Asks: 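First the structure, then my questions, so here it is.
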Number of protein chains: 2
Amino acid sequence: MENKKKSTIKDIAAVLGLTPSAVSKALNDHPRISDKTKKAVKEAAIQLDYQPNYLSSALRKGKSNLVGVIIPRVNSHFFSSVVENIEKVLNLNGYNIIMTQSNELYAKECQEIDTLLKIQVDGIIASMANETTDLEYYQKIKSKGTELVLFDRGEEELNVDYVGIDDYKSSHLVVDHLVSQGCKRIAHIAGFNHIRIYKERIRGYKDALEKWNLALKYNWIIESNLRIEDGRRIMQQLLDAPEWPDAVYVAGDIAALGALQVLLENNIKVPEEIALIGFSDEPFTSLTQPSISTINQHSDQIGKLAAEAFLERINNPKKKTVNRIILQPELIIRQSSSKLLK
Amino acid sequence: MENKKKSTIKDIAAVLGLTPSAVSKALNDHPRISDKTKKAVKEAAIQLDYQPNYLSSALRKGKSNLVGVIIPRVNSHFFSSVVENIEKVLNLNGYNIIMTQSNELYAKECQEIDTLLKIQVDGIIASMANETTDLEYYQKIKSKGTELVLFDRGEEELNVDYVGIDDYKSSHLVVDHLVSQGCKRIAHIAGFNHIRIYKERIRGYKDALEKWNLALKYNWIIESNLRIEDGRRIMQQLLDAPEWPDAVYVAGDIAALGALQVLLENNIKVPEEIALIGFSDEPFTSLTQPSISTINQHSDQIGKLAAEAFLERINNPKKKTVNRIILQPELIIRQSSSKLLK
DNA sequence: TATTTTTGTTCAATCGATTGAACAAATATA
DNA sequence: TATATTTGTTCAATCGATTGAACAAAAATA
């Protein structure tokens, strides 16, 4: 309750006997303002604890220096790490981010987009909810002239900048490794085929099986939301069938954890009887017993590159070409798939 | 790139042959505007896809309708659930939230506060970082006239609205239950004593031991950051000592998970040889083998009440009294502390 | 009919910062 | 000395919405 007054450029102008516009120019290092005045103004600004009014300058300049980030859920190391890195890069460039989560719900996602457009963010960096198939709201972002960058979950037809990993190749890494461990009957607990990244993982999985002349059984590709309960349910389902796989490739770590729980509860030796590989390198994968092999998606890089893609677009508004940055996945081999590490 | 034009009240006014101010008043249901005009204006607004310019109205009204939420980390069910509920309540009341995380770092926290004050949020709802002992930045929020509500981790001397649980009582629930299970040598993997909530848990633990005439061993109270590696390290330390506890009460679930891992790695039967209880009811506590007993902190309620405390303060700016809302903790008994459930 | 009240709208200032144009003073050039 | 150039500052409009005061027209009252 001490100094509620909040000083403005007017106050500074009054103290120094200048006009507000001179003060504004001095603070913005306008070339026509003398060094002496600039110095005096900046000192007075500090004296008066002056903070520029963000709203007024945003209004005048027509930009808010705010960037919205929409992620499916916050409670995931991958997404929170991406956001952290987006924030790091953008803060350095004078932007602040507004983080929102869709909870994997299309309706929530639309609402978040509306909110972000309402508060006039300069751009939106997003990863789409599992549910999302209708791209209308994303078209809306573009049609309003707001920049849009997608990462991880993004559709090509939107024709915007995208940062992700090579999901097709990830599956090859997984299958190649499992084959090298002697596995021949590899099942895939997959994400939904209507989402590009999961579709790519499925495609890579199929092609890799074919590459190694392994049989492709369609009831060994089971799509789901990849929550922990999905992993549990589907693993149980696989065990209930007459023929067991000798390896399971899960398109998400959380679901892989669920699968692992069921395997252990059934006293199945991992990896000896059934090997297991997840996806995303969530921290807990290194902490389970046995630890879970997984794919590193380079979340830090993704965040950094997504932020840089946004900045580049802001700085070159007339740029027409679209960037698609595809990072190389990395297989992290742990106990759940390697007899040697056991 | 279709309709970049973004219509304003001017456009509506031009279409209807009115002045911008009449349009503004019509949209805000001013009593002196005829119903006929109001209807026409509202229809035209829809026709032109008019969206009020948030920045200008915020500037004029002197409020942004934005609320900053600072949490130590996003990657925790407790905090993300609180945020979700804050958001739910505030969205209904026309506010949007900006979520930021301090990563438990004091420096980051200060920076986040500066950012939020810069973009002129109407209030800040925060839970303090583990590192924070200097309250200067929080004083700053108040002195700028921005509303402040704390939850979970908050200090009384700041004299602001607070929502949390009764941490002292939580420890009693834990100790009472452990005693009922026949435990007599209860250790406490604690949070730092300089943070009020952890201090309260320690105090409750001590008093509860005394209540049951159990010996209090000071080297069985070990403070830490409560990360997973802290739980592991301290559990190992307890096992390396000559006398083992027969129960361990951990002030955080993540650290409890680390402790559980070490117990299992050492083939110690949980709860028969050593019982274990965590804190916060993180989802994974029900998924481990054995599942971990823990304290439910009512994160949904905390979020809702914190948001409501903010709203009440905004609506009654002259209100002087401070609300301290203390919820009752609930002990969730699972396998790690109950021989019956094993 | 004259006067007051009510109703519907416009006028003009405002929020705080920004910016091109205008202007005056100082300095340089012809 | 007269003119052109540079320099430092002020003027005034602007971003879009809001709001109290002012005003004119319509309706109600005396």
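These numbers come from the heavy atoms of this one structure, side chains and all, not from hydrogens, waters or symmetry mates. Here is the naming used below: chain letters follow the sequence lines, and residue numbers restart at 1 for every chain. Quantities reported herein were computed from a predicted structural model and do not represent experimental measurements.
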Asks: Could you check whether the side chain of B:Lys38 and the base of C:dG8 have a donor-acceptor pair of N or O atoms closer than 3.5 Å, going by distance alone?
Replies: no
Asks: So does B:Asp49 pair up with A:Lys140, basic N to acidic O under 4.0 Å?
Replies: no
Asks: Can a side chain N or O of A:Thr19 be found less than 4.0 Å away from OP1 or OP2 on D:dT10?
Replies: yes
Asks: Taking for each residue the nucleotide of DNA chain C with the nearest heavy atom, is it B:Arg60 or A:Arg60 whose nucleotide lies nearer the 5' end?
Replies: B:Arg60
Asks: Tell me what A:Tyr54 touches on the nucleic acid: a base, only sugar-phosphate, or nothing, going by heavy atoms under 4.0 Å.
Replies: nothing
Asks: Can you pull out every ring-ring contact (aromatic ring centres under 6.0 Å, His included) where at least one residue sits in residues 95-141 of chain B? Sequence neighbours excluded, please.
Replies: B:Tyr95-B:Phe310
Asks: Starting from the 5' end of DNA chain C, give me the residue, B:Gly17 or B:Ser56, whose nearest nucleotide shows up first.
Replies: B:Gly17
Asks: Given atom CG of A:Leu55 and atom P of C:dA17, what is their separation to the nearest angstrom?
Replies: 10 Å
Asks: Base, sugar-phosphate alone, or nothing: which one does A:Ser24 contact when heavy atoms must sit under 4.0 Å apart?
Replies: base
Asks: Applying side chain to side chain contact (heavy atoms under 4.5 Å, CB included), run through A:Tyr50 and A:Asp11 and close with a yes or a no.
Replies: CA-CA 9 Å; A:Tyr50 167 74; A:Asp11 300 320; over 6 Å; no
Asks: If you only use heavy atoms from C-beta on, which nucleotide in C:dA17, D:dA17, C:dG20 is closest to the side chain of A:Lys25?
Replies: C:dG20
Asks: What is the distance, to the nearest angstrom, from the CG atom on B:Asp35 to the C1' atom on C:dT9?
Replies: 15 Å
Asks: Using heavy-atom distances to pick each residue's nearest nucleotide on DNA chain D, tell me which of B:Asn53 and B:Ser21 is more 5'.
Replies: B:Asn53
Asks: Does a side-chain N or O from A:Asn28 land closer than 4.0 Å to OP1 or OP2 of C:dA17, or not?
Replies: no
Asks: B:Lys118 NZ to C:dG16 P: how many Å, rounded?
Replies: 18 Å
Asks: Given atom CD1 of A:Ile33 and atom C1' of D:dT7, what is their separation to the nearest angstrom?
Replies: 10 Å
Asks: In whole Å, I'd like the distance from the CG atom of B:Leu27 to the P atom of D:dG16.
Replies: 16 Å
Asks: From CZ of A:Arg32 over to C1' of C:dT18, roughly how many Å is that when rounded to an integer?
Replies: 16 Å
Asks: B:Leu116 pairs by side-chain contact (heavy atoms from CB on, under 4.5 Å) with which of B:Val121, B:Leu66, B:Ile141, B:Val69?
Replies: B:Val121
Asks: What's the closest nucleotide to the side chain of B:Ile9 if the choices are D:dT10, C:dA17, D:dA17?
Replies: D:dA17
Asks: Are side-chain N/O atoms of A:Thr132 and A:Glu109 paired as donor and acceptor at under 3.5 Å?
Replies: yes
Asks: Have a look at B:Pro52 and say if it touches a base, only the backbone sugar-phosphate, or nothing, with a 4.0 Å heavy-atom cut-off.
Replies: sugar-phosphate
Asks: Taking atom types as they are modelled, is there a donor-acceptor pair under 3.5 Å from the base of C:dT19 to the side chain of A:Lys61?
Replies: no
Asks: In whole Å, I'd like the distance from the NZ atom of A:Lys36 to the P atom of C:dA26.
Replies: 12 Å
Asks: Taking any heavy-atom pair under 4.0 Å as a contact, classify A:Leu18: base, sugar-phosphate, or nothing.
Replies: sugar-phosphate
Asks: Does NZ or CZ of B:Arg196 come closer than 6.0 Å to the centre of the six-membered ring of B:Tyr162, within 45° of the ring's axis?
Replies: yes
Asks: Could you state the CG-P distance from B:Leu16 to C:dG8, rounded to the nearest angstrom?
Replies: 16 Å
